[in-house]
Structure formats: structure tokens, C-alpha cells
Trainee: 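I'd like to ask you about the structure that follows.
The model shown is predicted, which means the values in this text are computed figures rather than measured ones. Here is how names work: the chains are called A, B, and so on, in the same order as the sequence lines, proteins then strands, and each is numbered from 1.
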2 protein chains.
Amino acid sequence: MVAAERAKRRPARASVWLEDKARRGGAARGGQPSGLDRDRIISAAVTLLDAEGLPRFSMRRLAAELNVTAMSVYWYVDTKDDLLELALDAVFGEMRAPAGIPGDDEESPEDWRDQLRELAVDYRAVLVRHPWVSPLAGTFLNIGPNYLEFSFAVQRVIRRTGLPLSEQTAAISAVFQFVYGFGTIEGHFIERSAMAGVTADEYFGEAMAAVMQAPQISHVLEHSKGIMEARGGDTVTEMFERDFSTALEIVISGIEARVARVE
Amino acid sequence: MVAAERAKRRPARASVWLEDKARRGGAARGGQPSGLDRDRIISAAVTLLDAEGLPRFSMRRLAAELNVTAMSVYWYVDTKDDLLELALDAVFGEMRAPAGIPGDDEESPEDWRDQLRELAVDYRAVLVRHPWVSPLAGTFLNIGPNYLEFSFAVQRVIRRTGLPLSEQTAAISAVFQFVYGFGTIEGHFIERSAMAGVTADEYFGEAMAAVMQAPQISHVLEHSKGIMEARGGDTVTEMFERDFSTALEIVISGIEARVARVE
DNA sequence: ACCTGAACACCGTTCAAGT
DNA sequence: ACCTGAACACCGTTCAAGT
């Protein structure tokens, strides 16, 4: 949907992963020397998105990076949205081996809590490393192979909690929608700092000063200051780290309490 | 940042709420009959965003809706991003009176759990009613008056949980990042259904069929089907409702468990 | 004080044409 | 089979000019 505005007349296939023509290009086999193929395009897209951010990303800039005309890219992908969807699933592949996380069929020595922490930490890392992931993940259908593998791993772990089936989707939401939200603001914050050419700590200081300076709010500010100072951690990074892990433990405790209630 | 790509040369003020020129226009006082003012522009923007979605929203289309040339709007707002930020805070004003939620200074007869549910439900409602809110809320600094009022209400309620100060920001994250993530996908799902000209249930059926049809995943699918069917609720709306409230109770239980551990 | 028209530097995408 | 150039219908924003 990100760029769908100009593609009004297109049949609007819901995802690249459905009915894709998939000219995946077997790496520079024939005539011209451009050496383009789908994988090269996708990884150049990821690089450009990381470097410039989603709003600055355009097919023309990407093509320039590949030393090719903008329209060459269209031989490999149907639309900009398709390409973004491919890039999205590509970075989901950076999460380390969710397939390695076993379900309750196998006997697993590992605690489901640790498995859940591992998945949450990985998902957060992707969101923070690639701030453009959040708006895309919120927009597309997310049925690429890497994301599916991840979400099946999540399902397997949640099954081991002992929650009744009817509450498992809710538990998945409680954990991973939280991670999504947290990673979104964290990644965006880091991106903003970088683009302002300033450290996260400096940017935080400026933002706080900015909020303080805003009118109409001084009367509700005393407690906010207290809450901020008590937050713990000397740097913004440490703050994020502590908040994330404490919040994650809160949600895990909530699942445990829910299980205990049912048993 | 949404439209910032073309405004590279601008000083890049971090938010409308800082150093805004604020020509708020006292409602059609002088010469020309266009009757434009900031409030009219903002509410037209909200209407257009609701009707067409964020990607289709443009200054030129908005101006057309107002029977005015695109550039007239620029007399009232500096940039498209500023206008979006104003529209964003405007819809946060739809949450009913978070200012009415007391802190622990006043003795309040109401349980903090109910207050938290109320705030979460309101926030979710905004995200679902206005699917364009999520990407903007994830992008801007969120220091408009309505959002600040909301987040101060959140702080007051969390203070009443009995959590130590050092864990209160984490608890806020656990609740409201979850709500943000949940409202994001829910709102987007409803938007997609509407734009496909189909009910949410029909769209859900199609999406499920689509995922099933995807290759490489049939081997992990049996449990997913089980989890989906056990989810409860006959319609998609009921499913969302149940998942949301169950997940919210999980997080609240987690906060309670955390409080008990400390006491 | 408010509004407009023309212009600039961009977009995504189509299409006919090249090799 | 792959790539290009020109063109279409858009963007956000600036600037000089109108009333």
C-alpha cells in the first residue's frame, strides 16, 4: 500500500508471494553485462533503505545505485511495493534459526520462557537495525517464507506454555505486538538521532528539552521528571535495554499467572 | 519524516509543536471569501485521510477538497508533515477525557485496572478508526497537547499500581506498545478489507486461503489450523475483541505479579 | 492578509523500441 | 531475454505576483 497510490489500475494482487511471475534471473547468464538479478536488487534495496530510510527510497535512486536505468528493475519486480515486500522478508531472514526452536512434540530441555525471550530479542533487533521494517510489516500481509517460519516458531513455543488453545493467539499478541511497538519507537528514535547527526543521548536531551519547552504542560511535569530519572541506566541505550527486558518479564509473568489460573 | 524527502533544505524543526508560526486564522475575518483557517484544514485532512488512506493523501487533493489551490494551504501550515502532525494530535483528542482520570494524589474509588483498560480501549479505538494514525504515531515525536494529556493520564494510572518508580516506564511500554501493535494490524486489516470492497470476514477467508496456497509451508500447518479454530468468536470482529481483551488481561496480570514480587 | 499560476525537481509506471 | 528513452500523470514546495 505504501506506493499503491499510483498503481490504481493494477489488479492489486495482495502480496508478491501470490502469483508472482518470479523472474528470479539465474545470475547474469545471457547477453548484456549489467549482471542484474533479483537477489542483487533486493540486497541493494536493503542497503539503500538502511542508509537513507523509507521516505527517501525510490526506484530511480535504487537503479542509480545499481548503475542501471530505473526501468530495468521492472523486469525483475512488478512494482515498488513488491520489491519492498521482498526486502522485508529478506531481513526477517536475519533472525537466527527460528526453525531450530522445537515444538512440544520433541522433548526439549529448554524452558519456553527462554525460547520466547530469544524470539522477542531477535524480532526487536530486526526492527531496530532496519527502522523501515516497522511501517512495512504493519502494512503488508507478511506471508513471506522467513516471516512464516518465524511465526510458526512462535506458535510452537506458545504451545509449550500450557495455555489453553483458545488463549494462545492472545498470548502471541501480548508478546509480539509489544515487541513490534517497542522496536518501532526504538528504531525510529535511533534513526532520528543518526539523521540529525547526533548521538542517541544528545538527541534524547534535546527532545526532552523540547517537550519541556512546550507550552500548556508544565503543570503536569513534576511526576514525569521523577519517572524519567528513576528509569535507570545512564545512557539511552541502557534505558531501552532495561525497559525492554522488564516489560518482557512482565508479559511472561502474565502468561504464567494465566496458566496457573487455568490449571 | 513521511514527506521530508523533498524538504531537504529545510532547517528540519523536529515538530510542529515547537516554534510554530501558528497563523491559526481567526475564521474568515478579512477579504477573500475562501473561509480557510487552520481548523478547517485540519478537519478536512482528517476526513480525507480516513476516506482515502495515507498513501493517497496529498496536499493537492486536500486543496481540491477545500475548493482552493494547493498553495493556499501553505499559508496556514509550513509543510505536509506539519499538517499530518496536527491531524494526528487532533484525532488523539477523540479519546474521552483522559484528564478525568485521577492520579494517586486524589483518593480515587476506581481500580487502576479499570482505568488502564479504559485508556487502552480508547487508544485502540483511535488506531482502528484511523489506520493512518499508526505510521504517523510511529514517526513523529508525539508531543501535541492531546497526546501529552493522554500519556500523563497513563503515567498517573501506572503510579497507582504500586510498582516501583524504576519499573513504571517498562509497565507503560508493556501495555501501550502492545495496544499500538495490536491496533496497527487490526486497523490495517479493516482498511484493507474496505478497500478491497469486501467484509472483514470475507477478506479474512481470502487471506487464509492465500497463506495456505503459499508453497513451502504445508508441513507446518496442522497446528496453525488448530490454533485458528480454537481462537473463539465466529466473526473476525469477535476474534479481535477476544484476543485484545485476553491479551490485555495477561499484561495486567503480569503487572500484578510484579507488584506482588516486590512487596 | 490572503490567494494564485507558473515553475522546479522529483515520483511510479507504461510503452514502444532497441540489442 | 534483457535493457533503454521518452512520455504520462502525478508529487511537495518555492517564488513572484496578484487583490
Trainee: Centres of the B/Phe178 and A/Phe182 rings: under 6.0 Å?
Mentor: no
Trainee: Roughly how far, to the nearest 0.5 Å, is CD1 of B/Ile41 from CG of B/Leu36?
Mentor: 4.0 Å
Trainee: Roughly how many Å is it from OH in B/Tyr74 to P in C/dT4, rounded to a whole number?
Mentor: 15 Å
Trainee: Take the protein atom CG of B/Leu54 and the nucleotide atom P of D/dG12, then report the distance between them rounded to whole Å.
Mentor: 11 Å
Trainee: Both B/Ala70 and A/Ala70 contact DNA chain D. Taking the nearest nucleotide for each, which residue is further toward the 5' end?
Mentor: A/Ala70
Trainee: Applying a 3.5 angstrom cut-off to the pairing atoms, does DNA chain C sit in any stems of at least three consecutive Watson-Crick or G-U pairs? List them by first number.
Mentor: C:4-8 with D:12-16, C:12-16 with D:4-8
Trainee: If you take the centroid of each ring, where Trp contributes its six-membered ring, are A/Phe150 and A/Phe92 closer together than 6.0 Å?
Mentor: no
Trainee: Just the rounded figure in Å: distance from P of D/dT13 to OH of B/Tyr76.
Mentor: 18 Å
Trainee: From CZ of A/Arg61 over to C1' of C/dT13, roughly how many Å is that when rounded to an integer?
Mentor: 19 Å
Trainee: Which whole-number value in Å describes the distance from B/Leu66 CG to C/dT4 P?
Mentor: 11 Å
Trainee: Which nucleotide in the list D/dG5, D/dG12, C/dG5 gets nearest to the side chain of A/Thr69?
Mentor: D/dG5
Trainee: What residues form a side chain to side chain donor-acceptor pair (under 3.5 Å) with A/Tyr203, not counting sequence neighbours?
Mentor: A/Arg192
Trainee: Distance from B/Asp81 atom CG to B/Leu86 atom CG, nearest 0.5 Å?
Mentor: 11.0 Å
Trainee: Where do A/Gly187 and A/Pro131 come nearest, in terms of heavy atoms and distance?
Mentor: O-CG, 3.7 Å
Trainee: Given atom CH2 of A/Trp75 and atom P of C/dT19, what is their separation to the nearest angstrom?
Mentor: 19 Å
Trainee: Touch check for B/Met71, heavy atoms < 4.0 angstrom, all strands: base, sugar-phosphate only, or nothing?
Mentor: base
Trainee: Nearest to the side chain of A/Arg60, which nucleotide is it out of C/dG12, D/dT4, D/dC11?
Mentor: C/dG12
Trainee: Whole-Å distance between C/dA1 C1' and B/Asp37 CG?
Mentor: 14 Å
Trainee: Taking the six-membered ring for Trp, are the ring centroids of B/Tyr147 and B/Phe140 within less than 6.0 Å of each other?
Mentor: no
Trainee: What's the NZ-P distance between B/Lys80 and C/dC10, to the nearest Å?
Mentor: 17 Å
